[in-house]
Amino acid sequence: MDTFRDAPTAFGMREHRAGRMLEGMKRAPVIVHPPSSGGRRVTLYGQDLGRALRPGDVAAILRRAGFCTTTFVWDDTGVFEWRDGGPDVWLMP
């Protein structure tokens with residue numbers, strides 16, 4: 001299971017344990033925005049973390065931000081929201 005480090009204060013949030021933080025949320029904490037000419041923007045709790053050109057980039061961006069996991073479950077809607085296409089869509093329509 002993917003977990004988030006216990007101290008997301010860098011993203012302007014109060015300190016919570018991973019399970020409690022995700023339980024009360026209505027939205028997935030990670031949003032991968034629609035494809036554009038510069039890749040897909042990745043945000044975590046509303047903070048822009050960078051742009052990704054492929055799923056491996058999303059994983060690297062999240063790990064740098066403290067998202068601790070060995071594997072990512074891309075279709076976990078409690079964690080990821082993929083806008084205008086899932087992890088297999090990287091080109092603009």
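All residue numbers refer to positions in the sequence shown, counting from 1.
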Inset, instruction - Take Val73 and Asp75 through the test side chain to side chain contact (heavy atoms under 4.5 Å, CB included) and record every step on the way to the result. - result: CA-CA 6 Å; Val73 180; Asp75 62 351; 3.1 Å; yes
Let me have the donor-acceptor pairs involving side chains of residues 84-93, under 3.5 Å, with sequence neighbours excluded, atom names and distances please.
from  : atom 1 : to    : atom 2 : distance (Å)
Trp90 : NE1    : Pro87 : O      : 2.6

Inset, instruction - Please lay out, stage by stage, how Ile31 and Phe80 fare under the test side chain to side chain contact (heavy atoms under 4.5 Å, CB included). - result: CA-CA 6 Å; Ile31 298 176; Phe80 294 97; over 6 Å; no
Inset, instruction - With sequence neighbours excluded, tell me which residues meet salt bridge (charged side-chain N to carboxylate O under 4.0 Å, His left out) with Asp48. - result: none
Legend entry - Over all atoms of both residues, closest heavy-atom pair of Val42 and Ala52: CG2-CB, 4.1 Å
Inset, instruction - Give a yes or no answer on whether the side chain of Arg40 reaches the backbone of His33 with a donor-acceptor pair at less than 3.5 Å. - result: yes
Legend entry - Short side-chain to backbone donor-acceptor contact, Thr43 and Gly46, under 3.5 Å: no
Legend entry - Among Phe67, Trp74, Phe72, the one residue meeting side-chain contact (heavy atoms from CB on, under 4.5 Å) with Val79: Phe67
Legend entry - Side-chain touch Arg51/Ser36, heavy atoms, less than 4.5 angstrom: yes
